[in-house]
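Chain A is the first sequence line, chain B the second, and so forth, proteins listed ahead of strands; every chain is numbered from 1.
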Amino acid sequence: MPTVDLDIPPRSAYVAVVRLVVSSLARSAGLQETAVDDLKIAVSEACANAVMSNEEAGTQDPVSIAWHADDDKVEVQVGDRGKIYGSVGAAADERASDRLSMSMALLDSLVDEFSYEPRPDGGMLTRLVVRR
Amino acid sequence: MPTVDLDIPPRSAYVAVVRLVVSSLARSAGLQETAVDDLKIAVSEACANAVMSNEEAGTQDPVSIAWHADDDKVEVQVGDRGKIYGSVGAAADERASDRLSMSMALLDSLVDEFSYEPRPDGGMLTRLVVRR
Amino acid sequence: MELGLDVRKIGSYSVVDVKGEIDVYTAPKLREKLIELVSEGSYDVVVNLEGVDFLDSTGLGVLVGALKRVKAHDGGLSLVCTQDKILKIFKITGLTKVFPIHDSVEDATKDPE
Amino acid sequence: MELGLDVRKIGSYSVVDVKGEIDVYTAPKLREKLIELVSEGSYDVVVNLEGVDFLDSTGLGVLVGALKRVKAHDGGLSLVCTQDKILKIFKITGLTKVFPIHDSVEDATKDPE
Ligand SMILES: Nc1ncnc2c1ncn2[C@@H]1O[C@H](COP(=O)(O)OP(=O)(O)O)[C@@H](O)[C@H]1O
Ligand SMILES: Nc1ncnc2c1ncn2[C@@H]1O[C@H](COP(=O)(O)OP(=O)(O)O)[C@@H](O)[C@H]1O
């Protein structure tokens, strides 16, 4: 039932504070330490993806993190208004698609349910579910 | 310029996460350690006041914390939709008005500017400013 | 968030070692513990705040309430605190004049001359 | 958020002791440091992750990029890591097959037989 919403500027410096919030809420929600760490990494990845596409696109719309815990699961949604990620230019010699595929591998294996989809009104939405 | 918005359930268990967020943002914004601590206490007080009036009123509307930093100041607003605070019943033998007057003394002395006012549409708004 | 509350007897004193953050969420646990002590007949109470990272007005309210309770039994409540950021809270609210504040538990539990 | 980056020479190796969180914000600082090392002629690099609390895909991307760079000079890049939560990140992304991962800096800087 309890919902926490956090909006950050779409800039990489703010992802750390999201990790603090998620760790704290996950611990308070009674998740085990490993589950707390896994969810923290997953949410951080989702935010990194959102922030990078926004930094690239130069948008100012916030990245929105929604935390929702109930008796049988924790769900975190990360939404942004950046451009679609695949089109982001690769920085230097680290190809962005290498990074994105590693990010997707992490998201996929660290939570019980994961989806990453365009939003009808622009940007992407990452949905993460941890079952208790 | 950068704005961070955090909405928490109007329950006391969530005030700790607000402190984490404020400390982290204040430190990143370059405030000195004492100023970080002072702002953390002030925001926590504002949230405690908001949460207590909501718990008393049994409302579910979130308490909203807005962080806004620019070159010359940091401003934090804490808004709620609870009932007006003075009317909250005192718990046991600790009179709520004693606590509230201590809270007001802390708010008043820990930040450079402080106001605590009813919102036109219900609830209270606390505004805190720290000048750099 | 856990609030650590350990009680030990030193002479006629009951010393409560508090660990963690005393805020609107955890203060009720401290209140219960202090009420329990008084109801068990402990009227000379020392609250050791050296392990406390954070203290807000709800925590102050609990301490003031406990002071009133022990005073009703001719007892006393003193604090142990050397941390500047916690002492500041007592100064701002004028409570340094209300509570005896000691540098150590040893000091707080010395028998009156 | 600060990322600690200290470089020391052990024999022919350049050891980078990293402290803090490697994420989308701090990873560029690590990338710069590793590019700087290679441009100064250090092709045998050890990245010590024992002081790292957090590592994400941008950090992995930087390590993979640095590996490619030292390999272009017939060098190598190995890691020091014993923390389960960090090793897990390398396992999930298949990078345990790409990087030699050692238990200690001593191990990582032993001369090849
Ligand atoms: N929803 C998803 N779930 C799992 N993997 C995904 C998902 N979306 C993309 N990927 C993976 O991420 C990597 C990068 O995908 P893509 O955005 O198409 O990158 P690029 O356009 O740079 O090739 C690919 O390996 C792809 O399989
Ligand atoms: N905006 C404010 N600034 C400073 N002190 C205030 C402010 N609002 C209330 N207070 C103080 O808080 C205390 C409690 O005020 P009030 O809400 O009127 O309590 P009660 O109705 O319980 O008497 C009083 O001591 C009052 O002076």
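- Using a cutoff of 4.0 Å between basic side-chain nitrogens and carboxylate oxygens, B:D98 and C:K68 are scored as salt-bridged.
- Residues of residues 100-108 of chain C lying under 4.5 angstrom from chain B, judged on non-hydrogen atoms, do not exist.
- Only the side chain of B:S109 comes within contact range of chain C, with heavy atoms under 4.5 Å apart.
- Put simply, the side chain of C:Y25 does not reach to within 4.5 Å of the side chain of B:R11, judged on heavy atoms.
- With sequence neighbours left out, B:R132 forms a salt bridge (Lys or Arg N to Asp or Glu O under 4.0 Å) with no residue at all.
- Around NZ of C:K9, the count of heavy atoms belonging to other residues, nucleotides or ligands within 6.0 Å exceeds 12.
- The minimum heavy-atom distance between C:I92 and B:A105, with the atom names listed, is CG2-O, 3.6 Å.
- Screening residues 78-87 of chain C for side-chain hydrogen bond (donor to acceptor under 3.5 Å, both in side chains) gives C:E50-C:T82 as the qualifying pairs, with residues at least two apart or on separate chains.
- Within the 3.5 Å criterion, the main-chain N or O of C:D56 finds no donor-acceptor partner in the side chain of B:E45.
- Between B:R99 and C:L60, the closest side-chain pair of non-hydrogen atoms is not below 4.5 Å.
- For the ring-ring contact (aromatic ring centres under 6.0 Å, His included) test, no residue two or more places apart in sequence or in another chain qualifies with C:F99.
- Here the straight-line distance linking atom CE of B:M102 with atom CG of C:L95 works out to 6.0 Å at 0.5 Å rounding.
- C:K88 has no carboxylate O lying under 4.0 Å from a charged side-chain N of B:D37, or vice versa, which leaves the two without a salt bridge.
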